[in-house]
Amino acid sequence: MTKKDAPPRWDRKMQQRLARGEAAALGELYDRFASLVHNLAHRVLGDERAADGITRDVFVHVWEHPEAYDPKQGPLRSWVATLTHRLAVQRLRATETAALAQGSGGSAEELERKVRRASVAARADYIVTSMPAPLRAALDLAYFQRRDYRQTAADLGVTEDEARRRLRLGLQLLATAHDAGAPGAPPGYGGAV
């Protein structure tokens, strides 16, 4: 692995500390990623209590299985997000399947559509929170404040070409949220639901 491909030092050190059983490391990890984990779980499940449970489950899993994270595969943040997504989707399927078994009037196809929509929404949230601030700021101005690229450029103090570039890159990143589970999609966060 080249120097450029090396995982961030913090990620490697955190994994080593967790493997040694340092409780302080778990606290630091929780402080850094708890809001990400909870927000992703809530986005998939739509339920505060269930999201709290998934948050707890994710950090228990990380504590009990720190060796499951391979720094060569990507950042710790992505691994934690993937774990969260997987556990939340499993919980959603379990609760919805139980509701179907009790005759709540749904179908297996409706369940899969619900899971797919929740997965795409969670991936989109993750992408937006992970994208560089300049791209996020441009998208925020264009989408929420209904600015065109000229107004966005003026508001950000950049050229019109730079504003268009930021908007295009931000939208390309967001488009991957929908494509991540599709056949032939690149590996990484959100590929499996």
Side-chain angles (χ1 to χ4, degrees), residues 1-15 25 27-46 48 51-52 54-55 58-59 62 69-86 88-89 116-182 184-191 193:
M1 181 159 64
T2 66
K3 188 75 165 168
K4 183 180 178 190
D5 295 334
R9 185 171 185 225
W10 187 89
D11 290 1
R12 289 190 316 268
K13 292 271 188 204
M14 179 56 65
Q15 183 199 29
E28 287 176 39
L29 188 77
Y30 183 86
D31 290 344
R32 184 173 270 199
F33 296 130
S35 65
L36 167 72
V37 169
H38 188 273
N39 290 340
L40 284 174
H42 190 270
R43 184 69 162 155
V44 171
L45 299 168
E48 193 72 28
D52 290 344
I54 293 296
T55 302
V58 165
F59 287 100
V62 169
Y69 167 64
D70 181 3
K72 295 175 187 169
Q73 297 298 317
L76 185 58
R77 175 186 173 90
S78 295
W79 180 73
V80 168
T82 301
L83 178 61
T84 303
H85 181 258
R86 190 180 77 234
V89 167
R116 177 65 56 197
R117 279 192 306 271
S119 294
V120 168
R123 281 193 296 273
D125 283 351
Y126 176 76
I127 289 167
V128 169
T129 60
S130 299
M131 73 175 47
L135 299 182
R136 192 170 47 249
L139 287 176
D140 179 61
L141 287 168
Y143 183 76
F144 292 111
Q145 298 180 27
R146 304 230 182 253
R147 302 270 201 265
D148 65 19
Y149 75 93
R150 289 184 181 102
Q151 294 166 322
T152 299
D155 289 350
L156 295 175
V158 298
T159 66
E160 290 179 3
D161 285 341
E162 177 62 15
R164 280 195 304 262
R165 185 188 72 78
R166 290 180 185 182
L167 290 168
R168 183 175 49 253
L169 286 173
L171 290 172
Q172 286 171 342
L173 284 171
L174 275 174
T176 65
H178 191 272
D179 299 336
Y189 172 63
V193 285

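Basis for what follows: all heavy atoms, side chains included, without hydrogens, waters or symmetry-related copies. Just so we're clear, the structure is a prediction, and the values are computed from it rather than from any experiment. Counting from 1, the numbers follow the sequence of the chain as shown.
Side-chain atoms of Leu156 and Glu162, non-hydrogen and from C-beta on, never get closer than 4.5 Å to each other. Taking 4.5 Å as the limit, some side-chain heavy atom of Tyr69 sits within range of a side-chain heavy atom of Asp11. Contact annotation: the side chain of Val44 never approaches that of Ile54 to less than 4.5 Å [non-hydrogen atoms, C-beta and beyond]. In this structure the side chain of Leu139 never reaches within 4.5 angstrom of the side chain of Val128, judged on heavy atoms. Looking only at side-chain heavy atoms (C-beta outward), Trp79 and Pro71 stay at 4.5 Å or farther from each other.
Every residue meeting the salt bridge (Lys or Arg N to Asp or Glu O under 4.0 Å) condition with Arg43, not counting sequence neighbours, appears here in chain and number order: Asp125. With sequence neighbours excluded, no residue satisfies salt bridge (Lys or Arg N to Asp or Glu O under 4.0 Å) with Asp70. With sequence neighbours excluded, no residue forms a ring-ring contact (aromatic ring centres under 6.0 Å, His included) with Tyr143. For Glu28, the side chain to side chain donor-acceptor pair (under 3.5 Å) partners two or more places apart in sequence, or in a different chain, are Arg17. Under the salt bridge (Lys or Arg N to Asp or Glu O under 4.0 Å) criterion, Arg117 pairs with no residue, sequence neighbours left out.
Rounding to the nearest 0.5 Å places CZ of Arg147 at 10.0 Å from CG of Asp140. The CZ atom of Arg77 sits 10.5 Å away from atom CH2 of Trp10, with the distance rounded to the nearest 0.5 Å. The distance from atom CD of Gln151 to atom CD of Glu160, rounded to the nearest 0.5 Å, is 10.5 Å.
Proximity of a side-chain donor or acceptor of Arg123 to a complementary backbone N or O of Thr176 within less than 3.5 Å is not detected. In this structure, Arg136 contributes its side chain and Met131 its backbone to a donor-acceptor pair below 3.5 Å. Distance alone, capped at 3.5 Å, places no donor-acceptor pair between the Gln15 side chain and the Arg12 backbone.
Between Ala142 and Leu167 the shortest heavy-atom distance is CB-CD2, 3.6 Å.
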Check the pair Arg166 / Val158 against side-chain contact (heavy atoms from CB on, under 4.5 Å), numbers first and verdict last.
-> CA-CA 10 Å; Arg166 290 180 185 182; Val158 298; 3.6 Å; yes
For residues 31-42, please give each side-chain donor-acceptor pair under 3.5 Å, one per line with the distance, not counting sequence neighbours.
| residue | atom | partner | partner atom | Å |
| --- | --- | --- | --- | --- |
| His38 | NE2 | Glu48 | OE2 | 3.1 |
| His38 | NE2 | Asp52 | OD1 | 2.8 |
| Asn39 | ND2 | Ser35 | O | 3.1 |

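Side-chain contact, Tyr30 with Thr55: no donor N or O sits under 3.5 Å from an acceptor N or O.
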